[in-house]
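Reviewing the structure listed below.
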Amino acid sequence: MSTLAKHAVALVAEDEPLLRMEAVDLLEDAGFTVLEAANTEQALHHLAQTETITLLYTDIEMPGPIDGIDLAREVAARWPHVSIVVCSGRVRPGDGELPRQARFVSKPVSLALIRRAVEKALHPG
């Protein structure tokens with residue numbers, strides 16, 4: 001697999017450990033250093049403490065003070081340089097629910113689908 005991002009930092013916010021591990025493996029294979037969060041509170045903490053995060057990969061149905069859609073909105077407002085990939089197997093966001101720079105991926109996801117969404121998030125247009 002070709003490298004998507006050398007020396008970039010991604011944050012994976014996923015409460016299901018196996019799904020989080022799969023996303024982490026894919027992003028590490030693509031050249032990212034990966035931080036992990038099992039809830040949105042941990043994700044917000046990582047974002048506040050780590051200035052080098054360039055990609056957020058989040059599930060919609062997340063435990064914590066907010067869900068993944070609100071996390072995506074918060075990231076877009078506070079860290080506009082961060083690219084966003086949002087995924088879910090049960091919830092499909094409606095038009096206008098996600099920030100403009102966010103990409104949605106429906107679960108179950110293939111590694112190729114995640115890779116395309118990450119590429120589009122990092123290189124929109």
Side-chain angles (χ1 to χ4, degrees):
M1 182 183 301
S2 65
T3 300
L4 292 174
K6 288 187 178 187
H7 311 295
V9 178
L11 171 59
V12 173
E14 169 63 68
D15 60 320
E16 295 293 332
L18 290 176
L19 296 176
R20 186 171 61 243
M21 200 172 8
E22 285 179 0
V24 167
D25 287 347
L26 170 80
L27 293 171
E28 285 178 343
D29 287 349
F32 285 91
T33 298
V34 183
L35 302 174
E36 300 179 44
N39 59 55
T40 56
E41 187 174 10
Q42 289 175 358
L44 288 168
H45 176 78
H46 280 308
L47 286 155
Q49 299 298 316
T50 310
E51 295 177 10
T52 56
I53 293 173
T54 57
L55 175 71
L56 168 67
Y57 177 93
T58 185
D59 187 17
I60 289 178
E61 295 180 299
M62 288 289 294
I66 58 177
D67 66 11
I69 290 175
D70 287 333
L71 177 61
R73 289 182 188 141
E74 183 81 10
V75 168
R78 292 178 59 188
W79 299 283
H81 67 281
V82 174
S83 299
I84 304 166
V85 175
V86 177
C87 62
S88 180
R90 291 188 283 254
V91 178
R92 183 162 190 90
D95 290 340
E97 276 193 89
L98 294 177
R100 185 178 48 80
Q101 72 266 42
R103 300 288 179 260
F104 176 75
V105 179
S106 186
K107 288 181 181 178
V109 296
S110 69
L111 296 181
L113 191 58
I114 294 173
R115 188 169 194 275
R116 281 195 302 272
V118 168
E119 287 173 338
K120 286 182 181 178
L122 290 174
H123 308 290

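Residue numbers start at 1 and run along the sequence shown. Keep in mind that this is a model prediction, so the values were computed, not measured. Below, each value reflects all heavy atoms present in this structure, side chains not excepted, and no hydrogens, waters or symmetry copies.
- Side-chain atoms of Ile66 and Leu44, non-hydrogen and from C-beta on, do get closer than 4.5 Å to each other.
- A pairwise comparison of heavy atoms in Pro80 and Gln101 identifies O-NE2, 4.0 Å as the closest pair.
- With contacts defined as side-chain heavy-atom distances shorter than 4.5 Å, the pair Ile53/Trp79 does not qualify.
- The shortest heavy-atom contact between Ala43 and Ala37 is N-CB, 3.5 Å.
- Counting heavy atoms from C-beta on, the side chains of Phe104 and Ile60 come closer than 4.5 Å.
- Scanning all heavy atoms of the two residues, the minimum distance from Pro63 to Ala38 falls at CG-O, 3.6 Å.
- Asn39 CG to Asp15 CG: the interatomic distance, rounded to the nearest 0.5 Å, is 8.5 Å.
- Between the side chain of Glu16 and the backbone N or O of Leu18 there is no donor-acceptor pair closer than 3.5 Å.
- No side-chain donor-acceptor contact under 3.5 Å links Arg103 to the backbone of Cys87.
- The shortest non-hydrogen separation linking Ile84 to Leu55 is N-CD1, 4.4 Å.
- Here Arg100 pairs with nothing under the side-chain hydrogen bond (donor to acceptor under 3.5 Å, both in side chains) rule; sequence neighbours left out.
- Tracing side-chain contacts under 4.5 Å through hydrophobic residues (I, L, V, M, F, W, Y), one never reaches Met62 starting from Leu35; they form parts of separate clusters.
- Residues Tyr57 and Val105 fail the side-chain proximity criterion, which asks for heavy atoms closer than 4.5 Å.
- Using a 4.5 Å heavy-atom threshold, the side chains of Glu22 and Asp25 count as separate.
- A donor-acceptor contact shorter than 3.5 Å is absent between the side chain of Thr58 and the backbone of Gly68.
- Under the 4.5 Å side-chain heavy-atom criterion for ILVMFWY residues, a single connected hydrophobic cluster contains both Val75 and Val9.
- Looking at heavy atoms from C-beta onward, Leu98 lies in side-chain contact with Ile69 at the 4.5 angstrom threshold.
- In the hydrophobic clustering of this structure, Val86 groups with Leu11; members are Ile, Leu, Val, Met, Phe, Trp, Tyr whose side-chain heavy atoms approach within less than 4.5 Å, directly or through other members.
- The hydrophobic clustering, which links ILVMFWY residues whose side-chain heavy atoms are closer than 4.5 Å, places Leu56 and Val91 together.
- Annotation: side-chain hydrogen bond (donor to acceptor under 3.5 Å, both in side chains) contacts of Glu61 (sequence neighbours excluded): Arg90.
- Pairs engaging residues 33-59 under the salt bridge (charged side-chain N to carboxylate O under 4.0 Å, His left out) rule: Arg20-Glu36, Asp59-Lys107 [sequence neighbours left out].
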